[in-house]
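Working notes for the structure below.
In what follows, chains carry the letters A, B, and so on, assigned in the order in which the sequence lines appear, proteins first and then strands, with residues in each chain numbered from 1.
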Amino acid sequence: MMKRNSWQDYQKQIADDRYYYGRSCIRQNFFPGSEKAFIDILRNDLGRDLLDDPMHSSCTGIGYHSDIVPLETIMTVVARQFALMNEAGYENFVSSCITSFGVYTEVLATWAEFPETEEKARENLFKATGREFRKPASLAHTSDVVFHFRNEIAARAKRRLVNVATGEPLRVVEHIGCHYAKIFPKSGIGGSEFPYVLAGMVEAWGGECVDYPERRHCCGFGFRNYLVQANRGYSIANSHKKLESLAPYKPDFIVANCPGCAMFLDKWQYTIAEMEGTTYGENGHGIPVLTYEEMAGLVLGYDPWALGMQMHQVDVEPLLDKMGVEYDPAAKYLGRNGKYIGKPASAVVNCCPTDTVYGIRE
Amino acid sequence: MAAINFGYTISRPRAIDLDRNNLRKSDEILREMPELQTCIGCGSCTAVCTAGNLTEFNFRKVHTLVRRGEYQGAYEEMNKCMLCGKCRLVCPRGINTRGVVLLIKRKLGDF
Amino acid sequence: MKMEKMKKKRVIVIGGGAAGMQTALRLARRGIEPVIVEKEAELGGKLRGWYVLFPTFTPASEVLNELRRRVHECGIETVLSAQVTGIAPRSVELADGRRIDGDAVVVATGFSLFDASVKEEYGYGIYDNVYTSVDIERMLGEGRVAKADGSRPKRIAFLHCVGSRDEKVCQQHCSRVCCITGVKQAMEMKRLFPDADVFNFYMDIRMFGPGYEEMYREAQQQYNVHFVRGRISEASPMLDGRIQIKAEDTLTGRPLRMSVDMLVLLVGMRANDDNAALAAGAGLRQSPSGFLAARDHFLGSVRSEVEGIYYAGTVTAPKNIGETLNEAAAAADAVAEALGA
Amino acid sequence: MSFFAPFCIPFLVGAAAMFAVLAWKWGSWLWCLPRTDKRLILRGLPTRATLEAVGEVVGESLLHRRIFRINPLLGYMHMSLAFGWFLLIAVGWIETMACLGLHWVPIQGHVFFRYFSTGLPHVAAFDFLMDLLLLFVLSGVALAWGKRFFSRRMGMRRTTKHVPGDRVALTALWFIFPARLAAESITCALYGGGGFLTGSIGAWLGAHVPEFGLMNAESVAWWFYSSCLGLFFVAMPFSRYMHIFTEIPLIFLRRYGLRSGEKATSYDEFQVEACSRCGICIDPCQLQSVLRVDDVQSVYFLRDRRYGMLRREVADNCLMCGRCAEKCPVGIDLNTLRLNARDGLRNVPDERRYDYFKGLDRSSGEGKVGYFAGCMTLLTPRTLSAMETIFAAAGEQVWWADREGGVCCGRPLKLAGETDSARRMMRYNTELFRKHGITTLVTSCPICLKVFREDYALDGIEVLHHSEYMLRLLRSGRLALRRGATRFTYHDPCELGRGSGIYDAPRAVIEAVGELLEPEHTRENALCCGSSVANTAITDGQQVRIARSVAGELEATGAEVVVTACPLCKKALGRGTAAAVRDLAEVVAAELK
């Protein structure tokens, strides 16, 4: 087992309560259950105060990293988020998105390094909205917050990351978004080489992390690399490389702390299977890809469908079975109010052909 | 299975993968001509190269790739060489470069 | 005649490594009474950790034992396990509060080894099969070089410049001896494991010493050691405990990756951490690399800015053993001249 | 009378086998000759070439004049064996005829005439003559034995290492004549007769050995003699002694104008099997004398090629300097055979290769005189600038073919055996020369010169080496030089001297500027600089060792400046000496008036 104690050299201050929540564009669309779970866990399980402010906006990071949104603009947008937070009486900014987190970190660092840019942002913000802002007292990613409470969550755990049939810890591949700590190693728990933010959760909840050669590698989203179709082959090649590298370790699931990573590691598995016929999971299917909120939710006994796990491209049922999670297969594609939400066509990476098992009438 | 065409393919990795590359021929080449191992990549050979002044042919790069087990296209590249021997006159390590060209072609060609 | 009348001059030599011992011996020969102050419990310094010396494969013990024997034979006074905390032109302060007085001081405190675990990406201290050049010397000395599980390595990679010429770890200088050490250890590995493939990943190969270039060539041509120009970017574990490394093969302009059974990091020489404090206390100058700066590079290379304080060996910059021994002699001569001995 | 005895069988079988194999080999080789070669033979037959060939056969195959020139003792040895044996046979036939008149006698009757002629009256003159000839041959055999131990006396430092088959044939050959002496002597002992040799020994034997013993010994001796002959005849076509007969058709074919080319033909077989493996080619080889490489010389190359065991290492390891061919007593075209063997090992026709030549033209200037520097000359820019100075001084308008880089002349590739690809380069350059309408092509590189002259179809364009060109300028008064006291020595480049027969032009040019001192090996015997493009096998260090040995000889002349007329030789010699090494053009340019 890896002797990675070096994470202790990279600690960061994480606020204990009263968070101002910045949402993620991708997650709201692809994993809405995860953000909901984060709010529920903080408020209901941990009794913390968190403001989910309807006024706040996208950080425009996708546009920024695609060379569409200029630096001045994104700084102004960031300044506005901070102003909203100040107005709401909060000072601990938590971002649900790794790219947003990277953007906030980068903007704050730029302001510190080049104060004139901060002045300019203040000026722009004031001109555009009449608002003023103070910089946050603390900035954290939501995975930092979950990491911060990992032991409290462990104490409340209904289930552990253990295979109930064998009693063995589940083998988990943790994938950290590039913008978490690769740009500013000090901004991530464990630094950029051996980030501990997800590994800490996995270990605290009974699982076992596997370290594989391409652990550090990017999922391949790469903004322009995915967004421009001509570059997509390069994007998928990155996920392909990671999956090729991690598959021999036979992980039970992958957990990612970045919206894009979770999405691409999940959905590219489908694409690779359809293009090449290669699958990486058990019995010729895919490897489930979870967000850390989903992982925490399962540990805390949340219903997988309430966590939004039916939104995954790769079916999570084998993992749920391993963990001993009770779930209603028939309820998978039913929304909160029991309304049918539609279902994906059956694909190689899926192990539960929906037509036969659920018998849902369209 | 019928593969779906998504309008793109999975890009092949550019990396030289020494685990996957078959180094047998590279080993044979180095065994026959151990002095090739002493190349320090100065590029003199390529700088004087008669063929290299007319084409993209880069002797240094091609033999380095061959040593790494990247044989794809090396034979065709080496065939651009005119064997004039200028490179041999300038190599600071005294490598028998013309011999290297012939050796690589022999090992990688089908004759 | 004059000498006999005068009281013997006493010179404090800080550091009992190759430089310190040689300085003391030379001083003694010139009729000066040296006292060696060594922080370890025995003399020898870094030389103790070395197996054989490049480029001749001379056992380090031959040199070390001979120096120790001479020091013993000359009856040179040694103060062991004594950490120096302050230097003045005519005295040194020890950590335990003692003070040693003399007529001059020669600083021969040497260097520190770069801590390879600082370069986290190489996984030293994290993965079992990542070693430093110092580990390899030790294993060679113990006569047992093997992977962590005791098996024979089939593929070994050496990485040059770990902690040298790397602004990311604030080590801008070249440690000079690591290149040749990499060549030497690669050859030793090939001797032990003739079937193994040995790769050296380097940024530049700097073969500055006599016989070094020849040795480099021999490693390439006779030992078939592969040299790849490119710095390893990261090391990761594999399922079977081997290490996957990535680099760019800059001579082909292509990324390169491979798995190895052993990854050896050629650690550089760092300036001692206490150089700053010692320099500040005595009014000495430090060069940007943190090593102590000699008065000048040419005629005053063993003199400090302060009269009565001299330098010998790697305290001023990375050097090999031969250079260190020569410089120690030069330092002793300079001291002797200044003291009129 | 009957001309048969059982002991004749080994001889008869051997002789029959030998003639059958010879007929089959020659027949198939002649049959397989290219049509053009066959036409040359038919056309040559009724000309004086045939007569000249006969003369050469006598001179070389029997008398071995060329070997005499190398070393008289060695020549005598070969002559005594070949010519002596021939005379034994010829005089033997005359003797039979003289004794029996003109009627048919089977072959064994001639060969074993002493055995069958015991009942006939003896002709003392023939007895004497035949004994004299036998003694002549035996002296050759004795020398051959001696050569095994005292090869240096015969001018050979090293002799050939032979294959086992050769040893069998050699042993048989050694025993043939002593056996004949013994058999004839014993017959003489029993029946009288014989000359001063066989007769004397016979008389002595008759006096000392009982008749019963002699009767048995006679049978044994004739059996042994016949067996030696039979064994030798069977072994001959498969051993080096094949040369005895093969050299004869080779001489004729050569006189008819047949030559080996870059592609192997069956004519090569005549050359290959005409090699007697005398080993004279070993000593001149610098790979042998300097590097102690002793298994690649022409004799071994031909042997390996003949037996189909030619290895690339052997084929490639040759400087193709031509020093061995210069000495070859059979006059085998060793370089060409080496070359077409490489062609066989390496040539791969590839029509798309060098497609990048298309549309390429980096030439500059305009003029009727074209200058082709060659790849190597671009690495000796002083030669290039000297040529520029000389052209300017002579007022010549010059078209510069490749000053900004061009396509190689093709000879290096051809020498490596990739002859088809080399042709593509030659075609490109030919077209380039034609396109620019030059009438004279000057090159300072002998490698280019040789290929231009031999392989390019440059009708209407005169190809000159710069030494010839400069001499022409001097003679026509277009250049005037200062003659100083500088002492020069001249290194003959292989491709220029032995390769193209140009020895005098560079010497004449040097003598126009200073004193010329000749090194020990010069002109046809000149040494190779060691960096020949023909050799792709030796290492850099080995090249330097050869260069040093050559440079040493040049320095020994006491000259101040070493002059050569080849960029490659210049580069190579420069590595072997601290003395000044100059190209001929530089020497000329420096002394222009």
Is chain B contacted by the side chain of [X], its backbone, both, or neither, given a heavy-atom distance below 4.5 Å?
X       : result
N224(C) : both
V225(C) : backbone
E213(C) : side chain

Quiz item: Got more than 12 heavy atoms from elsewhere within 6.0 Å of CD, E56(B)?
Solution: no
Self-check item: CD (Q222(C)) with more than 12 external heavy atoms under 6.0 Å
Solution: yes
Quiz item: Checking salt bridge (charged side-chain N to carboxylate O under 4.0 Å, His left out) against D19(B), which of R257(C), K154(C), R155(C) comes through?
Solution: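 The option that passes is R155(C).
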Looking at chain C, which one of [options] has the largest number of heavy-atom pairs inside 4.5 Å, strictly under?
options                        : result
K61(B), R20(B), M33(B)         : K61(B)
P34(B), C39(B), A15(B), G41(B) : A15(B)
E70(B), R67(B), R68(B), R60(B) : R68(B)

Report which part of [X] has an atom under 4.5 Å of a heavy atom belonging to chain C: side chain, backbone, both, or neither.
X      : answer
L23(B) : side chain
L30(B) : side chain
R31(B) : neither

Quiz item: Is it true that E327(C) and K319(C) have a side-chain N and a carboxylate O under 4.0 angstrom from each other?
Solution: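 Yes, this pair counts.
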Practice problem: Check whether any side-chain heavy atom of V130(C) lies under 4.5 Å from a side-chain heavy atom of I126(C), and answer yes or no. | Solution: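 In short, these two side chains do not touch, never coming nearer than 4.5 Å.
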Quiz item: Going by atom types alone, do H160(C) and N200(C) pair a side-chain donor with an acceptor below 3.5 Å?
Solution: yes
Quiz prompt | Gap between atom CZ of R231(C) and atom OH of Y122(C) - 0.5 Å precision | solution = 4.0 Å
